[in-house]
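A quick write-up on the structure given underneath.
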Amino acid sequence: MSSPAEAGWGGSPDRLTGLLAEHAALEVELADPAVHTDTARARRLGRRYAQLAPLVETKRALDAARADLSAARELAAEDASFAVEAAGLEQRIPELEDRLRELLLPKDPDDDKDVILEVKAGEGGAESALFAGDLLRMYLRYAERRGWSAEVIDAVDAELGGYKDVSVAIKSRTDEGIWSRLKFEGGVHRVQRVPVTESQGRIHTSAAGVLVLPEAEDVDVTVDPNDLRIDVFRSSGPGGQSVNTTDSAVRITHLPSGIVVSCQNEKSQLQNRESALRILRSRLLAAAREEAAAVASDQRRSQVRTVDRSERVRTYNFPENRISDHRVGFKAHNLDAVLDGELDPVIDALTRAHTAELLAAGS
């Protein structure tokens, strides 16, 4: 008879057996030196292996706990200390079963991907651009704390500081998937504070939009060069002034979808073209995911909505040093620490709520 963790939605014995077999097969593949001659493949296999490791460890711990419980019950009649051990194991086993049930939930196919994160100034003019700069710094500090690498691939500066628009590529230096941590950051982020331009000391509300995209690999999206219109123009800085004398900025229009990407951060036209293509591939991947989600479950559709910048997701209140995430009711009075990159408590709350929704949908 199957255990509670091996029964029900997302936790069938066949699914568990298949994932354990996949982990074992990956272990064999990764032990083959020939695999590591293809670094992209080795990284992809390594990430999947790391993704399955918690499931394997939990299953082994559960099997060991069940075996120990059986032995402790047999010996409890002769030694009372084994009865105490059995009682502890009886509490631990349901915890392990719950953990295994969570690990058996279907995974987001993009969880192990790197991301491209975009921040755009919105309502509030100069104050919104300054806030966009604060958000960028927050994500860069968070990436630093996690040991990730971050590269600004395009930025349009604002006249009084901050950014009108900035894109950053965030990559893992290990097998950790970044999309799994940052995918709920997308949406409208609202700030309440006294702007530097406010002479009366009044609190203003402004906003910036955050969009997080899983970075597409070549195998994810194929872009036909014939579907692209590529225009070049002169880079501009704050106030529209030209910042160089050559046409190095690049604008790429994907004709079938109408998606337009511009990059001007680099001095080389070729580098700007490559950066624009990276962003374009990621936007096309996100669009494909959303299209697939439109015919999937309600739960999956709700997940996609969390990365829709039309949804106001979070408020940063400076006078009260408070951060509030409106989706899960998260509140904390450590805004200064959060803006310095201490985002894990907020992200953990969102991840727990998402897992609870999946479990509820399955039950």
- Message: Under 4.5 Å between side-chain heavy atoms, counting indirect links through other Ile/Leu/Val/Met/Phe/Trp/Tyr residues: same cluster for V35 and L26 or not?
- Response: yes
- Quick one: do R99 and E57 make a salt bridge, cutoff under 4.0 Å? no
- Measure from NZ or CZ of R251 to the centre of the six-membered ring of F233 and say whether it is under 6.0 Å with the direction within 45° of the ring axis. yes
- Query: Strictly by modelled atom types, are D112 and W179 linked by a side-chain donor-acceptor pair under 3.5 Å?
  - Reply: no
- Task: Determine, using the 4.5 Å side-chain heavy-atom cutoff (strictly less than), whether I347 and L335 are members of one ILVMFWY cluster.
- Result: yes
- Message: Any non-hydrogen side-chain atom of I323 less than 4.5 Å from a side-chain atom of T315?
- Response: no
- Query: Would you call R43 and D114 a salt bridge, taking side-chain N to carboxylate O under 4.0 Å as the test?
  - Reply: yes
- Looking only at heavy atoms, which two atoms of A143 and I170 are closest? And how far apart? CB-CG2, 4.2 Å
- Query: For L103 and P54, which heavy atoms make the closest approach, and how far apart are they?
  - Reply: CD1-O, 3.5 Å
- Task: Just do the side chain to side chain contact (heavy atoms under 4.5 Å, CB included) check on V168 and L140 with the steps written out, would you?
- Result: CA-CA 9 Å; V168 56; L140 292 178; 4.0 Å; yes
- Under a 4.5 Å side-chain heavy-atom rule over Ile, Leu, Val, Met, Phe, Trp and Tyr, are F82 and L89 clustered together? no
- Item | Reported CG-to-NZ distance for the pair L211 and K120, which is rounded to 0.5 angstrom | 8.0 Å
- Check: D38 side chain, R41 main-chain N or O, donor-acceptor pair, under 3.5 Å: yes
- Query: If you measure from CG on L55 to CG on L20, what distance do you get to the nearest 0.5 Å?
  - Reply: 5.5 Å
- Query: Are the charged groups of R193 and D134 less than 4.0 angstrom apart, N to O?
  - Reply: yes
- Would you check if the side chain of D110 reaches a backbone N or O of P214 as a donor-acceptor pair within less than 3.5 Å? no
- Query: Are E159 and K164 within salt-bridge range, i.e. N to O under 4.0 Å?
  - Reply: no
- Query: Going through the distances and angles, do E102 and R352 end up as a side chain to side chain contact (heavy atoms under 4.5 Å, CB included)?
  - Reply: CA-CA 10 Å; E102 289 182 13; R352 285 194 298 271; over 6 Å; no
- Task: Tell me yes or no: between the side chains of D340 and Y142, is some donor less than 3.5 Å from an acceptor?
- Result: no
- Indicate the atoms forming the closest heavy-atom contact of F330 with A349, along with that distance. CD1-CB, 3.8 Å
- Task: Mind checking the CD-CZ spacing from E185 to R181? Nearest 0.5 Å is all I need.
- Result: 9.5 Å
- Query: Using 4.0 Å as the upper bound for N to carboxylate O, is an ion pair formed by R92 and E85?
  - Reply: no
- Query: Can you check whether V119 reaches Y163 side chain to side chain, under 4.5 Å on heavy atoms?
  - Reply: no
- Message: Donor-acceptor check, side chain of H189 to backbone of G209, threshold 3.5 angstrom: yes or no?
- Response: no
- Item | Residues K331 and E320 bridged, charged N to O under 4.0 Å | no
- Message: Let's go through L228 and T253 carefully: what are the C-alpha distance in whole Å and the side-chain angles of both, what is the deciding distance for side chain to side chain contact (heavy atoms under 4.5 Å, CB included) to 0.1 Å, and is it a yes or a no?
- Response: CA-CA 6 Å; L228 304 179; T253 303; over 6 Å; no
- Item | Intermediate values then yes/no, side chain to side chain contact (heavy atoms under 4.5 Å, CB included), V250 and D231 | CA-CA 6 Å; V250 173; D231 302 305; over 6 Å; no
- Query: What pair of heavy atoms forms the shortest contact from N272 to N265, and how long is it?
  - Reply: OD1-N, 3.3 Å
- Message: If the test is side-chain contact (heavy atoms from CB on, under 4.5 Å), which one of E215, K113, E151 qualifies with K171?
- Response: E215
- Message: For a 4.5 angstrom cut-off between non-hydrogen side-chain atoms, does S275 reach D154?
- Response: no
- Thinking salt bridges, do R48 and E22 make one under a 4.0 Å N-O criterion? yes
- Task: Check whether any side-chain heavy atom of E97 sits under 4.5 Å from a side-chain heavy atom of L62, and report yes or no.
- Result: yes
- Taking the side chain as every heavy atom from C-beta outward, state whether V223 and V221 have any pair of such atoms under 4.5 Å apart. yes
- Query: Applying the side-chain contact (heavy atoms from CB on, under 4.5 Å) test to L100, which of L104, D98, L96 qualifies?
  - Reply: L104
- Smallest separation among heavy atoms of A72 and A86, with atom names: CB-CB, 4.0 Å
- V152 with W148, same ILVMFWY side-chain cluster at under 4.5 Å: yes
- Query: Is it true that the side chains of H254 and S257 contain a donor and an acceptor less than 3.5 Å apart?
  - Reply: yes
- Do other residues, nucleotides or ligands put more than 12 heavy atoms under 6.0 Å from the CZ atom of R47? yes
- Message: Main chain of G177, side chain of S180: is a donor-acceptor contact present, judged purely on distance under 3.5 Å?
- Response: yes
- Within a strict 4.5 Å, meaning less than it, do heavy atoms of the V210 and Y139 side chains meet? yes
- Task: Determine whether D325 and V328 make a side-chain contact, defined as any pair of heavy atoms from C-beta on separated by less than 4.5 Å.
- Result: yes
- Note on the structure: Here the gap from I252 atom CD1 to I230 atom CD1, rounded to the nearest 0.5 Å, amounts to 4.5 Å
- Transitively linked via ILVMFWY side-chain contacts under 4.5 Å: L255 with V260? no
- Establish, from distance only, whether the side-chain atoms of R322 and S324 form a donor-acceptor pair under 3.5 Å. yes
- Item | Residue pair R173 / S149, side-chain heavy-atom distance below 4.5 Å | yes
- Query: For the residue pair F131 and Y316, does the interplanar ring angle fall in the parallel (under 30°), tilted (30 to 60°) or perpendicular (over 60°) class?
  - Reply: perpendicular
- Note on the structure: Smallest heavy-atom separation, R281 atom then A216 atom, equals O-CB, 3.5 Å
- Do Q192 and N317 have a side chain donor and acceptor closer than 3.5 Å? yes
- Message: With rounding to the nearest 0.5 angstrom, report the CG to CD distance, L52 to E27.
- Response: 11.5 Å
- Query: Is D68 paired with R66 through a side-chain N to carboxylate O contact shorter than 4.0 Å?
  - Reply: no
- Task: Take atom CZ of R273 as the centre, draw a 6.0 Å sphere, and report whether it contains more than 12 heavy atoms from other residues, nucleotides or ligands.
- Result: no
